[in-house]
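Okay, structure first, notes after.
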Amino acid sequence: GDTTSRKFCQVSWLPSGGPGTSWLVSSLMQATANLFLTTDVKSDPEAGVEDLQVLKYDVGGEYVLHHDGEPRVLTVLYYLNGV
């Protein structure tokens, strides 16, 4: 994977569907889809979402704008702060 776009960061992936998906991830994905996607897109069997990527930045951590190899129509960022 790309390691140059993130510094001092831990990464984890949570499944976006299937039997191992938690109710929290399912709820978050559904709420996001309802906000940003039309009914036609949501009902298209070819349309889909990637697994949820969760990142934890340490002190001095940094995200650098980058382009992945696969095209994305939409990227949604949720910021959680424990401070």
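Only heavy atoms go into these numbers, but all of them, side chains included; no hydrogens, no water, no symmetry mates.
- Interatomic distance, Met29 CE to Leu14 CG, rounded to the nearest 0.5 Å: 9.0 Å.
- Heavy atoms only, all atoms of each residue included: Phe8 and Gly60 are closest at CD1-O, 3.3 Å.
- Within the structure, side-chain hydrogen bond (donor to acceptor under 3.5 Å, both in side chains) contacts touching residues 10-23 (residues at least two apart or in different chains) are Ser16-Asp51.
- The shortest heavy-atom contact between Cys9 and Leu55 is SG-CD2, 3.5 Å.
- When all heavy atoms of Thr32 and Tyr78 are compared, the closest pair comes out as OG1-OH, 2.6 Å.
- Put simply, Phe36 and Val25 are part of the same group of oily side chains (I, L, V, M, F, W, Y) that touch within less than 4.5 Å, one to the next.
- For the atom pair CG (Leu77) and OH (Tyr63), the distance works out to 7.0 Å, reported to the nearest 0.5 Å.
- For the side-chain hydrogen bond (donor to acceptor under 3.5 Å, both in side chains) condition, the pairs that include at least one residue of residues 36-46, sequence neighbours left out, are Asn34-Lys42.
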